Trainee: 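One structure follows; several queries about it will come next.
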Amino acid sequence: MKDDILRHLRYGLGKDAAHSSVYDWRMALSRALRDRMVDHWIPSTQAAYTDNSKRVYYLSMEFLIGRLVEDMASNLGLVEEARAALAELDQDYDVIVKDEPDAALGNGGLGRLAACFMDSLATLAIPAMGYGIRYEHGLFEQDFVEGQQVERPETWLQQDHIWEFERPEVQYMIRFGGHVEHHDGRAHWHPGETVIATAFDTPVIGWKGRWGNTLRLWAALPVKVFDLASFNRGDYLAASRSESLARTICRVLYPDDTTETGKELRLKQEYFFTAASIQDLIRRFLTNNADIRDLADHAAIQLNDTHPAIAGPELIRLLVDDHGMAMAEAVTLARRCLGYTNHTLLPEALERWPEWLFGRVLPRHLEIVREIEAEHQRRFPDSPKILDSGNVCMGELAFIMAHKVNGVSALHTELVKKTVFADLHRIHPTRIVNETNGITQRRWLHTCNPALSRLITDTIGDGWITDLDQLSRLRAKSGDPAFKEAFMGAKRVNKERLSNWVNAHMGIALDPDAMFDVQIKRIHEYKRQLMNVLETIALWMDMRAHPNLDWTPRVKIFGGKAAPGYHTAKEIIRLINDVAEVINADPATKDLLKVVYPPNYNVTMAEVLIPAADLSEQISTAGKEASGTGNMKFALNGALTIGTLDGANVEIREHVGYENFFLFGLTAEQVVERRKTPGYARAAIGASPRLQEVLRLIFEGRFCPQDPGRYHGLIGMLYDHDYFLVTCDFDTYFDTQRRADEAFKHPRNWAAMALTNTASMGFFSSDRTIRGYAEDIWQVSSHPGVAEA
Ligand SMILES: CCc1ccc([C@H](C)CC(=O)N[C@@H]2O[C@H](CO)[C@@H](O)[C@H](O)[C@H]2O)cc1
């Protein structure tokens with residue numbers, strides 16, 4: 001390894017050790033790892049080809065990958081070898097890996113889930129390919145200016161992305177607009193605009209390199225690179241117009257994660273990558289198979305939400321227009337290939353494209369959608385429509401074009417059946433299945449929490465890395481003082497690491513003995529960061545009012561970005577920062593309460609925050625969080641959850657035991673009922689002197705004396721339009737927080753609860769989730785050539 005690193009430094013970067021930067025060393029290390037990775041990747045790719053295996057194609061607008069160098073080294077089992085080689089060269093592995101920028105090609109849960117799924121598919125040796133977009137700019141960089149979020153373009157591609165392999169030989173024409181002519185019984189699409197989709201491949205290597213899959217991300221190139229005539233005329237903009245138009249398609253990730261934008265460019269992004277992916281998988285199929293009608297036996301196509309739902313009409317277009325198949329047969333064949341995962345019930349997140357826009361960008365596909373609608377209406381006259389009041393409803397299209405539809409937690413799936421797809425569920429009662437989300441323990445325990453990972457492996461061996469159910473063998477240790485000591489010792493190491501980081505980056509000193517209470521996720525009203533900051537203020541007030549009480553010191557940690565156009569979410573961010581400034585400067589509570597909100601929360605920051613957490617905030621309004629996956633990561637790393645009966649919290653509580661979960665709040669049914677009670681918010685506020693006091697303090701500008709009226713709107717909204725029932729759950733939330741305070745005062749009992757959480761997380765591995773998809777939806781299995789882990 002050492003020689004390889006030096007060779008890459010010299011011949012790859014043209015540098016000698018004495019004059020190399022951290023960037024150079026990282027590139028040299030990455031190249032040395034990449035060489036070793038390729039020796040696992042190529043044989044897998046070849047084996048899948050020669051065996052004509054059925055493949056999974058995971059289509060997603062987002063892959064929230066984070067950093068890759070540690071993942072690669074870890075999955076290849078080369079971390080210690082790399083660390084030793086660098087040490088011999090007077091370099092620090094931990095410093096070098098931190099130099100890699102995050103691949104932030106996603107907004108939040110949906111994107112990260114796709115990344116965890118890719119890791120599990122490779123570790124389970126299931127032949128698969130992820131398809132997405134190679135955004136030039138990923139999710140924006142967040143900074144705070146006077147407590148307010150400001151966004152800056154993300155620039156991960158400004159330096160060499162060492163893990164991708166450009167595939168200029170893999171290119172497809174992607175057409176937009178224009179018109180369709182029908183003659184000699186066939187449709188002929190005459191596009192108005194054409195761009196080229198070109199592939200960039202990133203290998204996804206499973207544990208111990210047993211198998212390797214590919215993440216294929218598409219970039220756009222102009223058909224006509226450069227218009228020399230315009231250039232010679234001095235019209236330089238015109239000269240590169242086609243190029244900039246093409247590049248615009250993949251320029252940036254849309255930063256909205258709950259509200260559909262309805263922007264034409266977003267629709268073009270969705271069609272661009274979906275069309276390239278469908279054309280690519282058909283080309284691959286036809287290299288090994290003669291009859292297109294066998295496609296469903298060789299390709300399981302999964303739609304990660306409705307964003308790639310155009311895949312149905314696109315597949316039908318190719319089967320009918322290019323392969324001459326009859327429409328009805330094409331619809332049936334496409335349905336056998338497609339599965340659709342729903343990730344949200346929020347009405348504003350369900351994509352509905354205006355028919356005029358859809359038809360202008362995709363005239364042939366609109367025709368096909370009408371055919372699909374007619375075919376389904378013929379069979380089910382009272383079925384909900386795809387084409388509804390001038391919109392193309394992508395949820396209905398995805399549902400009708402899929403042979404299986406799944407929700408992402410048991411509660412969510414039941415709500416999908418009862419609400420958003422109730423009518424379609426009645427027509428197709430066996431189509432909806434549940435596949436509760438999961439996370440990869442390779443990244444979210446083994447790599448991000450070496451202290452705890454080592455303790456677990458020393459105790460029960462390392463089988464848990466590919467078989468997370470083995471963690472249950474730790475349950476027996478909940479009565480073992482020495483083990484509990486060691487378990488909390490690992491937590492302590494992580495809390496000190498975080499305290500040093502916060503001190504270095506924010507100049508705030510944290511007490512590692514305090515309870516680290518963490519809420520990290522996208523900022524959204526339904527996730528109720530507002531209720532958390534209200535509780536923080538109430539606690540602060542009580543600490544000031546009763547300084548002699550035996551308070552449990554707390555550190556409130558927030559992390560998360562708001563969609564740039566989401567005004568209320570941005571107000572909540574500002575309030576948290578204003579409150580933090582006042583509380584952190586308060587001498588009366590300086591040893592009891594700190595509020596920390598580091599800017600630019602991302603995957604890498606989560607890997608530092610989660611191992612250091614004592615308390616995990618999963619406090620969404622019941623019925624709103626489809627699943628959550630952060631909740632699983634916290635529990636796996638020995639944090640206790642304070643949460644509502646929402647999403648996967650329900651199943652986590654089932655697995656860890658009711659006594660090891662701080663439950664509070666209205667249930668999903670009760671939420672629906674309470675909303676029917678007029679003035680429910682004012683009634684709740686009226687019944688809570690503590691809440692009244694908190695709201696009064698904010699309203700009077702206690703946290704923004706220079707701008708007292710700053711939060712009049714926000715507080716007014718709570719009184720008159722508290723849609724997410726912050727007011728109704730506040731008191732039980734506050735009381736439950738106090739229960740957590742009491743519990744934290746008994747370290748041995750807390751340790752028993754914490755390790756029981758870790759020991760009970762086997763079910764929440766994305767390996768189990770993928771096995772569920774493979775059995776219920778894809779009918780695929782691990783590649784026979786690869787021995788069990
Ligand atoms: C069209 C704009 C848009 C973009 C992304 C989305 C995603 C579906 C939002 C999302 O990330 N949903 C989250 O998905 C996770 C993975 O299943 C769940 O764990 C979260 O509960 C859910 O909010 C909706 C709408």
Side-chain angles (χ1 to χ4, degrees), residues 58-64 105-117 132-133 135 139 253-267 269-270 302-310 340-353 393-395 398 405-413 415-416 420 434-440 444 520-528 560-566 603 606 618-634 643-644 646-652 668 724 764 766 769-770 772-773:
Y58 199 81
L59 272 58
S60 180
M61 278 284 273
E62 305 183 19
F63 287 93
L64 194 42
L105 307 180
N107 278 286
L110 170 139
R112 183 57 235 179
L113 186 82
C116 283
F117 278 10
I133 293 180
Y135 299 105
L139 186 61
L253 164 75
Y254 272 90
D256 316 88
D257 78 330
T258 50
T259 312
E260 64 126 358
T261 59
K263 296 270 186 329
E264 178 172 339
L265 180 57
R266 168 80 180 191
L267 177 59
Q269 287 185 336
E270 294 183 352
Q302 192 66 28
L303 308 178
N304 200 16
D305 216 280
T306 59
H307 313 153
I310 195 67
Y340 155 51
T341 302
N342 173 279
H343 294 269
T344 182
L345 297 172
L346 297 175
E348 66 269 27
L350 303 175
E351 294 186 297
R352 305 158 66 85
W353 293 103
C393 307
M394 302 308 273
V405 172
N406 75 282
V408 291
S409 77
L411 174 64
H412 171 64
T413 299
L415 291 173
V416 165
V420 65
N434 175 239
E435 304 295 348
T436 296
N437 282 167
I439 57 168
T440 170
W444 294 109
I520 46 176
K521 50 190 73 220
R522 287 296 293 258
I523 308 299
H524 196 286
E525 291 165 272
Y526 86 80
K527 294 173 186 280
R528 299 203 291 191
K561 295 172 179 176
Y566 192 173
V603 170
Q618 309 299 332
I619 61 175
S620 54
T621 311
K624 291 298 174 190
E625 191 69 86
S627 165
T629 44
N631 45 9
M632 300 164 187
K633 295 162 188 169
F634 278 108
T644 52
D646 196 16
N649 292 359
V650 175
E651 291 155 86
I652 290 173
F724 295 103
F764 300 97
S766 46
T769 310
I770 290 295
Y773 278 84

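Everything quoted here is computed from the prediction, not taken from an experiment. When a ligand or atom number is given, it counts from 1 through the structure's own listing order.
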Trainee: What atoms of ligand 1 come closer than 4.0 angstrom to any heavy atom of Ala626?
Mentor: 21 (O)

Trainee: Could you check atom 23 (O) of ligand 1 against the protein and tell me its nearest heavy-atom contact, residue, atom and distance included?
Mentor: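 Ranking protein heavy atoms by distance from atom 23 (O) of ligand 1, first comes Glu625 OE2, 2.9 Å.
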
Trainee: Closer than 3.5 angstrom, by distance alone: can the side chain of Thr306 be matched with the main-chain N or O of Ala309 as a donor-acceptor pair?
Mentor: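 Not confirmed, Thr306 side chain does not pair with Ala309 backbone.
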
Trainee: Do His412 and Asn342 get their side chains close enough for a donor-acceptor pair, meaning under 3.5 Å?
Mentor: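 There is such a pair between these side chains.
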
Trainee: Could you tell me whether the side chain of Glu651 and the main chain of Ser409 form a donor-acceptor pair under 3.5 Å?
Mentor: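 Side chain of Glu651 to backbone of Ser409, a donor-acceptor pair under 3.5 Å: no, none is there.
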
Trainee: So, regarding Gly108 and ligand 1 (criterion: nitrogen or oxygen to nitrogen or oxygen, under 3.5 Å), is there a contact or not?
Mentor: no

Trainee: State whether the side chain of Ser766 and the backbone N or O of Ile439 hold a donor-acceptor pair below 3.5 Å, judged by distance alone.
Mentor: yes

Trainee: Which atoms of ligand 1 have any heavy atom of Asp256 under 4.0 Å away?
Mentor: 2 (C), 3 (C), 4 (C)

Trainee: Would the distance check show the side chain of Asn631 and the main-chain N or O of Ile652 forming a donor-acceptor pair, the cut-off being under 3.5 Å?
Mentor: no

Trainee: Check each atom of ligand 1 against the heavy atoms of Gly628 and keep those under 4.0 Å away; list them by number with element.
Mentor: 18 (C), 19 (O), 20 (C), 21 (O)

Trainee: Counting from 1, what ligand 1 atoms have a heavy atom of Asp305 closer than 4.0 Å?
Mentor: 8 (C)

Trainee: Can you tell me the protein heavy atom closest to atom 17 (O) of ligand 1 and the distance?
Mentor: His343 ND1, 2.6 Å

Trainee: Quick one: does Leu110 get an N or O within less than 3.5 Å of an N or O on ligand 1?
Mentor: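 Leu110 vs ligand 1: N/O contact under 3.5 Å present.
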
Trainee: Polar-atom distance check: Tyr526 versus ligand 1, any N or O pair below 3.5 Å?
Mentor: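 Yes, Tyr526 has an N/O under 3.5 Å of an N/O on ligand 1.
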
Trainee: Please say whether Val408 places an N or O atom under 3.5 Å from an N or O atom belonging to ligand 1.
Mentor: no

Trainee: Could you tell me whether some N/O pair between Asp257 and ligand 1 is separated by less than 3.5 angstrom?
Mentor: no

Trainee: At a 4.0 Å threshold, what atoms of ligand 1 neighbour a non-hydrogen atom of Asn437?
Mentor: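 Checking each atom against Asn437, I get 16 (C), 17 (O), 18 (C), 19 (O).
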
Trainee: Measure the NZ-CD1 distance between Lys633 and Ile520 for me, rounded to the nearest 0.5 Å.
Mentor: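 So the NZ of Lys633 and the CD1 of Ile520 are separated by 8.5 Å.
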
Trainee: For Asn304 and His343, what are the C-alpha separation, side-chain angles and deciding distance, and is it a side chain to side chain contact (heavy atoms under 4.5 Å, CB included)?
Mentor: CA-CA 8 Å; Asn304 200 16; His343 294 269; 2.5 Å; yes

Trainee: Any side-chain to backbone donor/acceptor pair from Thr644 onto Thr621? Under 3.5 Å, distance only.
Mentor: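 Not a single qualifying donor-acceptor pair exists.
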
Trainee: Looking at Ile523, is its backbone amide N or carbonyl O close enough to the side chain of Tyr566 to form a donor-acceptor pair, meaning the two atoms are under 3.5 Å apart?
Mentor: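 Not confirmed, Tyr566 side chain does not pair with Ile523 backbone.
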
Trainee: Tell me: protein heavy atom nearest atom 5 (C) of ligand 1, and distance?
Mentor: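 Looking only at protein heavy atoms, the one closest to atom 5 (C) of ligand 1 is His307 CE1, 3.5 Å.
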
Trainee: What atoms of ligand 1 come closer than 4.0 angstrom to any heavy atom of Arg266?
Mentor: 1 (C)

